[in-house]
Amino acid sequence: LSSLRFEQFSPKTRYASCCWNFGYRVCWMALAIDDSIMGMWQPKGIGKDPPSLSLKATVLKVFGTNECLSVPVYTNTKVSEMKSMLEFKLGLESGALKFTHKQGSLYRENLDCEEVARNIIVRGIKSFSREKKEYEYPHAVIGAGHIGLKLAMTWLMDKYDNFVVFDRRPEVGGTSWWQQANATSRLQTEVGVYHLQYHESNGWPADCRINPWPSRDELLAHFKQVSEEFGILPYCKMSTNVTKLNIVGKDFNTQHYELTLEQQGKESVVEVASVCLFPGNLTIPKRVVYKGEELFDGDIVYGISSEFDYSRCTGKQVSIIGSGAFAVENVRTCVEFKATKVFMICRRKTISMPRVVSWLTNQSLNFISAALTMEAMSPMYDLINVDQWQYYCVFANEARTTVNLRQRSRFGIGDVYFLSMYYGHCEHIVDDVKRLSQHRIHLISGRNIDNISVMLKLLGFNGEFGNDRLMKLKELYGWWCNKDYRRYLVAEPLGVDANNFGGTSFSPGAIVWSEQHVHLMHYPKDWDAIVTSGAMPTHVADEANDRPAYVVEARHGAMTQISINSLIPALADRNSIVGPLAHVRMWQMHPLDSFLAAARKEWESWSQTLQDMGYDREHPPYPYTEGIVKVYLEKEHAYYRDQEALMAKRMAG
């Protein structure tokens, strides 16, 4: 034993590393140890004496190899505890391992009741790396959007190439950016947590500090460029629609699948080992027809994609029906195209999130409480004289220390909405449309809004029942179809329902979803723990409410991930790396000073645009300063310290 080093990586994770020369070569190994693993060691004292908490390193070597693994233990950690930990980590049956160590000139087997030796030979495994399952057929990925491309990248980074990606579009990029975004759309969250190469071993977009919120076209170019750099494109079959799936074989353990493909009017069939479907965001706009639309004498459109020419809003009054993320984005678009006035009409206001609060959430080491999230919104809501605590989605105690946010749509993120409200350019009305007449909207309350030339309907989206039918989905078990680990169907969960927020963006989820599937394909035995636990949330189709089975709420997604991490140790260990990555990336790509500078520059530009349109109210300084944000950061860290102190107190008790 030459060294033993402990270092802090996160509040919940410690790493130990050591080096031991077996006479052949020096082998370095590392083991991530979180609280659940440390709990496996149960120090016991002799008689009434307290247990020793002294640490030592035990070095394990696989019999017949030079592969070594070092593990920090207490001096009185037992052989049975070490065996249980390894069997748990490697997915082995209990009793599969035997330990021996050298005693004098001989080796003897260690008894389970003995303390672990410093140097141990492990029998019963060939490697500390698990043996991966081999497949006759390729793995199929349907959808060349963010998750589909990320899964392809994950396969390739794992040096595995027996897969194929199908997409009905001619280029990579996915539904959200090709079908739903328009030419002026921009990323609402930060590119630090939304880039395809998101991984601790990879780089990131070079212009991230000056361009935290790239446009649709920039993002599509990014997806294509990164796909080329990582060698993903040769595995993509574009302009190919998957129309049918058949299950081949009656034995669950050996079955595979036939996919019917349609390409340029021709059909073909391919056999595959597994099928992942990533249909993108909800894809079908919720439609409503108002009485009198034929009398309106203006544009009535759904404010998505590039089907509508937004220059038709220039110099005109516009109504936006809805207040979700797309509605907030359309306020920005209306400012960009110099609509003279915007009326945002909705039944209930949903919370819009300022850019700084999104940054604060994404840079968090663990999470930001809903209470701090609401507090951090105050500078922006104070600017428009609105009390965000009164929104329907806010549930809080009287002191506002315990808060839960529940709303059906995701946060619309951006600052332009607040500027537009401040100048009086946008009026946010809680009401509903009763009927239309020529350039007039008649509201349920009796109010009439005149001189409206454009109505943008942004009432949200529905999923496609065709995705359920394609995957033969009856019940979604976590993310899996009918408890079949080879049929994987993931779409971003709906809405907001939480008292803590760990992020507002997509890449942290995409890497987790991708690595989960790869892991289960390599080690399908781990599926047994998931399916027998009964811990996964389930969801079935609700045709009466136009909800396919694969479309789930935020709570379903959160409970699925919690269950997976508790049931599959390797994925829990991996999460100790991936979990803090957003924090690392945000500070690498968007340090506070440069982020505030970019936000302030954007703010001043949009403020000037509104003043040039004739809104002569005094220009407001950007509501956030470094000093204000640092107060929020200190409150975040104080919360962590309080939680750690509480945990220590409980353990001591």
Side-chain angles (χ1 to χ4, degrees), residues 134-153 155-156 160-180 220 223-224 227-228 231-252 254-284 305 307 461-476 479-482 484-491 514 517 521 541 543 548-551:
E134 296 183 357
Y135 293 89
E136 178 181 357
Y137 303 107
H139 299 282
V141 181
I142 305 174
H146 197 139
I147 313 180
L149 295 174
K150 188 65 188 179
L151 177 54
M153 182 183 294
W155 281 124
L156 292 175
Y160 187 91
D161 62 2
N162 191 22
F163 70 91
V164 60
V165 180
F166 301 107
D167 199 293
R168 55 193 172 193
R169 293 174 183 79
E171 298 281 352
V172 299
T175 298
S176 294
W177 295 109
W178 276 113
Q179 180 175 321
Q180 295 176 338
L220 288 173
F223 284 124
K224 184 175 182 179
S227 296
E228 290 173 344
I232 296 171
L233 293 183
Y235 299 91
C236 296
K237 302 292 185 183
M238 307 307 296
S239 301
T240 303
N241 191 24
V242 180
T243 60
K244 189 176 181 181
L245 176 150
N246 284 324
I247 300 173
V248 180
K250 296 182 179 180
D251 184 347
F252 176 81
T254 60
Q255 71 185 31
H256 65 283
Y257 311 92
E258 281 184 350
L259 297 181
T260 301
L261 311 178
E262 185 179 273
Q263 187 177 35
Q264 296 180 345
K266 297 181 180 179
E267 279 194 354
S268 60
V269 175
V270 61
E271 293 182 281
V272 297
S274 68
V275 184
C276 296
L277 174 58
F278 305 122
N281 205 339
L282 305 185
T283 53
I284 302 174
S305 74
E307 294 179 4
F461 296 86
N462 290 324
E464 295 185 52
F465 281 94
N467 292 324
D468 282 3
R469 291 191 291 271
L470 174 62
M471 298 294 281
K472 300 188 182 302
L473 172 59
K474 302 298 182 184
E475 178 187 69
L476 192 70
W479 306 118
W480 293 272
C481 300
N482 310 336
D484 181 355
Y485 68 93
R486 291 154 299 202
R487 281 182 284 160
Y488 191 52
L489 205 173
V490 179
S514 299
H517 178 70
M521 292 303 97
E543 294 191 14
Y550 78 93
V551 178

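This structure is a prediction, so every number in the text was calculated from the model and none was measured.
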Passing option when H256 is tested against I247, V248, V275, V272 for side chain to side chain contact (heavy atoms under 4.5 Å, CB included): V248
K472 side chain to L245 backbone, donor-acceptor under 3.5 Å: yes
Polar side chain donor-acceptor pair, Q255 to D484, under 3.5 angstrom: yes
Minimum side-chain heavy-atom gap F465-E543 below 4.5 Å: yes
Side-chain donor or acceptor of W178 paired with backbone N/O of V172 under 3.5 Å: yes
N/O donor-acceptor pair under 3.5 Å between N241 side chain and R168 backbone: no
Aromatic plane relationship, W480 with Y488 - under 30° parallel, 30 to 60° tilted, over 60° perpendicular: tilted
Stepwise ring-ring contact (aromatic ring centres under 6.0 Å, His included) test for H146 and F278: CA-CA 9 Å; H146 197 139; F278 305 122; over 10 Å; no
Closest contact, heavy atoms only, P279 versus A491: CG-CB, 4.1 Å
For the student: nearest non-hydrogen atoms of G231 and L156, plus distance: O-CD1, 3.6 Å
Pair T243-E262, side-chain donor/acceptor within less than 3.5 Å: no
Min side-chain heavy-atom separation M238-F166 under 4.5 Å: no
cation_pi(R486, Y135) dist<6.0 Å, angle<=45: no
Spacing of CG belonging to L151 relative to SG belonging to C276, to within rounding of 0.5 Å: 5.0 Å
Considering all heavy atoms, the nearest G143-V165 contact: O-CG1, 4.0 Å
Parallel, tilted or perpendicular: rings of W155 and H139 (30°, 60°): parallel
Spacing of K244 atom NZ and L259 atom CG [to the nearest 0.5 Å]: 11.5 Å
